[in-house]
Amino acid sequence: MLDIRYVRENIEAVSDGMRRRQMEPDLAPFVELDRRRREILFEVENKRAMRNKASEEVAQMKREGADISAITRKMRSISGEIKELESELSLVEEKLEEMMMGIPNLPHDTVPTGTTEEENLEVRVWGEKPRFDFEVKDHTTLGEELGILDFERAVKITGARFSLLKGPGALLERALINFMLDMHTGEHGYTEYLPPFMANRESFVGTGQLPKFEEDLFRVSDTDFYLVPTAEVPLTNVVREEILREEDLPLKMTAYTPCFRKEAGSYGRDVRGMIRQHQFNKVELVKITSPHTSWDELETLTRDAEEVLRRLGLSYRVVSLCTGDLGFSAAKTYDIEVWVPSEGRYREISSCSNFTDFQSRRAKIRYREKESKKVRFCHTLNGSGLAVGRTVVAILENYQRKDGTVDIPEALRGYMGGLKTIEPAG
RNA sequence: GGAGGGGUACCGAAGUCUGGCCGUAACGGGGUCGACUCGAAAUCGACUUGGCGGUGAUGAGCCGUCACGUGGGUUCGAAUCCCACCCCCUCCGCCA
């Protein structure tokens, strides 16, 4: 959510930002509602002041044993008026809130303007794409032939868009989780969390998934809980409604969680394999920073995520999302895309964003400035570090050999009991 | 699942029965600043919640208003009375 005062005084800048995102802004209703709100507020507060004063008088008169019937009769009608104004006020505020919730974050100046992912800006490329002197197999074929991936049985157990890992496949997934967590906690200074995999409505509103994107979420029936689509939700909400000390910032948190997404509206896309699943594992990075450092922190957070791919020797590139591809709550996002040989293209494996004060205003995450003692909103950032399932995909495909076996990247072998190669189960 | 107790500031806690100088809010602790001290401890003193609106320069300050778990209701007036919901704790039952 943007600052309502900022919107009030910068209608044009907000409209420009929305236009850059290919939206058609119409803020006239906002201006009118905002004006109306302050008008009612003025009136209702004046009447409340009268009531408060009268209330004191009545108490005084009663102590003196005076007759209070005249004043109470008058106050009865004032109270009625207050009640009417209050109900109108809450109606106006509800609509205003709804409108504010519908305004996306303003894209940062450095975000390229564009409509589709075609216009994302390539920032850097790392590593050599592997060259194969044989026909490459995709991860689905490789995994099934090696007996480590079983989609048929996953369908039997649950349904489409679920996967079943087995033997060295399951071990690979688990090794990656540990590898990533160890790197981020041991080398990059993040604190590890193991949060709940469900969160309540307030948490989802805090990070912006609700109310707008309910159709993407799995809701646990008979409860107010939703399955987390990313650890961003529980991690960012760790400090919801808290006032932090400036000297404690930035907070750097990491967590492994499974992620649950309905993937509504992606029917027919990536139906084969484990690229797009209803449940996948992810190690997430979250930072809570002061506004002064968040842009630097976005750069280092992205580097922290990239480092995982470098150690694994997987070729990737970093793109800066254009305004048309930028998420609702983000001011700027870098996607890290890993090379997928069977598709001959890069595929998103991490998304690193600065949400500035957009989430923290919704979630009331604030800090007290050391000098001025003023309370201000933090900036929140997050990024995948990395999506584990897609990392498995990348390893299987990039490290495949002609005979269908797959080498384990050296950095990972210590996490897999020294295993160097995945071979077909005998 | 059953029974009981509770939710007030940074923490603890009084106030609720009997509605009104009880809301920045008693009392205790913590924190910050200052005094004393070579320094520290002890002691003494002062200050320590946020939201919204107005004014002002988007500063300081000032004025008003809201918030005693949440939402309603009663009343001239609600932390206090009534209703609904949420959460926490203890005991019993069940349980990895």
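Below, chains carry the letters A, B, ... as their sequence lines are ordered, and counting in each starts from 1.
Phosphate proximity of B:U32 to A:Arg368: absent, as no side-chain N or O sits under 4.0 Å from OP1 or OP2.
Ring geometry for A:His278 against A:Phe162 counts as tilted: the plane angle lies between 30° and 60°, on a 0 to 90° scale.
Considering only residues two or more places apart in sequence or on other chains, A:Asp109 meets the side-chain contact (heavy atoms from CB on, under 4.5 Å) condition with none of them. Shown here are the salt bridge (charged side-chain N to carboxylate O under 4.0 Å, His left out) partners of A:Lys370, two or more places apart in sequence or in another chain: A:Glu247. Residues passing the side-chain contact (heavy atoms from CB on, under 4.5 Å) test with A:Ile4, sequence neighbours excluded: A:Arg8, A:Phe30, A:Asp34, A:Leu96, A:Met100. Taking A:Ser384 as the reference, nothing meets the side-chain hydrogen bond (donor to acceptor under 3.5 Å, both in side chains) condition, with sequence neighbours excluded.
Taking a 4.0 Å limit (strictly below) on heavy-atom distances, residues 203-211 of chain A does not reach RNA chain B anywhere. Residues of residues 71-104 of chain A having a heavy atom closer than 4.0 Å to RNA chain B, listed by number: A:Thr72, A:Met75, A:Arg76, A:Ser79, A:Lys83.
For B:G2 and B:G19, the C1' atoms lie 35 Å apart once the distance is rounded to whole Å. Comparing B:U16 with B:G1, their P atoms sit 34 Å apart, to the nearest whole Å. Straight-line distance between the C1' atoms of B:G5 and B:C95: roughly 24 Å, to the nearest whole Å. Only the P atoms considered, B:G30 is 30 Å distant from B:C88, to the nearest whole Å. Look at the C1' atom in both B:G50 and B:A46: the space between them is 22 Å, to the nearest Å. Annotation: B:U49 and B:U8 have their C1' atoms spaced 12 Å apart (nearest Å). B:G6 and B:C17 have their P atoms separated by 14 Å, with the value rounded to a whole Å. A distance of about 28 Å separates the P atoms of B:U55 and B:G71, rounded to the whole Å.
Using a 4.0 Å heavy-atom cutoff across all strands shown, A:Val44 reaches no nucleic acid atom at all. Using a 4.0 Å heavy-atom distance criterion, A:Ala54 is classed as making no nucleic acid contact.
Between the side chains of A:Thr323 and A:Arg21, not a single donor N or O lies within less than 3.5 Å of an accepting N or O.
In this structure, NZ of A:Lys364 is placed 16 Å from P of B:A67, rounded to the nearest angstrom. The nearest whole Å value for the distance from the CD atom in A:Gln60 to the C1' atom in B:G20 is 11 Å. The CD1-P distance, from A:Ile365 to B:G51, rounds to 15 Å in whole Å. The CD atom of A:Glu241 sits 18 Å away from the P atom of B:A67 (whole-angstrom rounding). As rounded to whole Å, 13 Å separates atom C1' of B:U48 from atom CD1 of A:Ile243. In this entry the distance linking CE of A:Met50 with P of B:G77 reads 13 Å, nearest Å. Between A:Lys373 atom NZ and B:G50 atom C1' the separation is 17 Å, expressed in whole Å. Atom-to-atom, CZ of A:Arg361 to P of B:G51 comes out at 12 Å; the value is rounded to the nearest Å.
Listed by first and then second residue, the salt bridge (Lys or Arg N to Asp or Glu O under 4.0 Å) pairs that reach into residues 252-275 of chain A are A:Asp138-A:Arg272, A:Glu263-A:Arg276, A:Asp270-A:Arg276, A:Asp270-A:Arg347, sequence neighbours excluded. Residue pairs meeting the salt bridge (Lys or Arg N to Asp or Glu O under 4.0 Å) criterion with at least one partner in residues 159-185 of chain A, sequence neighbours excluded, are absent. Listed by first and then second residue, the ring-ring contact (aromatic ring centres under 6.0 Å, His included) pairs involving residues 52-104 of chain A amount to none (not counting sequence neighbours).
Ionic pairing of A:Arg48 and A:Glu86 is present here: one or more N-O contacts between side-chain nitrogen and carboxylate oxygen are shorter than 4.0 angstrom. With respect to the salt-bridge test (charged N to carboxylate O, under 4.0 angstrom), the residues A:Arg362 and A:Glu202 do not qualify. Taking 4.0 Å as the cut-off between side-chain N and carboxylate O, A:Glu187 and A:Arg311 count as a salt-bridged pair.
Here A:Trp295 and A:His379 keep their ring centres 6.0 angstrom or further from each other. Taking the six-membered ring where the residue is Trp, the centroids of A:Phe260 and A:Tyr226 are separated by 6.0 Å or more.
RNA chain B contains the following stems of three or more consecutive Watson-Crick or G-U pairs, with both distances under 3.5 Å: B:1-7 with B:86-92, B:10-12 with B:27-29, B:30-35 with B:43-48, B:49-55 with B:61-67, B:69-73 with B:81-85.
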Give each protein N/O atom lying under 3.5 Å from an N/O atom of nucleotides 60-62 of chain B, with the pair distance.
residue: B:A60; atom: OP1; partner: A:Lys374; partner atom: NZ; Å: 3.0

Distances under 3.5 Å between protein N/O atoms and the N/O atoms of nucleotides 53-57 of chain B, please, pair by pair.
residue: B:G53; atom: OP1; partner: A:Arg8; partner atom: NH2; Å: 3.2
residue: B:G53; atom: OP1; partner: A:Arg37; partner atom: NH1; Å: 3.4
residue: B:G54; atom: OP1; partner: A:Arg38; partner atom: NH1; Å: 3.1

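Applying the side chain to side chain contact (heavy atoms under 4.5 Å, CB included) test between A:Lys287 and each of A:Leu251, A:Thr293, A:Thr300, A:Asn354 identifies A:Thr300 as the sole match.
Heavy atoms of other residues, nucleotides or ligands lying less than 6.0 angstrom from CD of A:Glu93 number more than 12. Residue-environment remark: CZ (A:Arg153) stays at or below the threshold of 12 foreign heavy atoms within 6.0 Å.
Side chain of A:Asn105 to main chain of A:Phe355: a donor-acceptor pair is present (N/O by atom type, distance under 3.5 Å, no hydrogens or angles).
RNA chain B is contacted by both A:Asp3 and A:Asn10; A:Asp3 maps to the nucleotide lying nearer its 5′ end (nearest heavy atom per residue).
The side chain of A:Asn52 sits closest to B:U65 out of B:U65, B:G77, B:G20.
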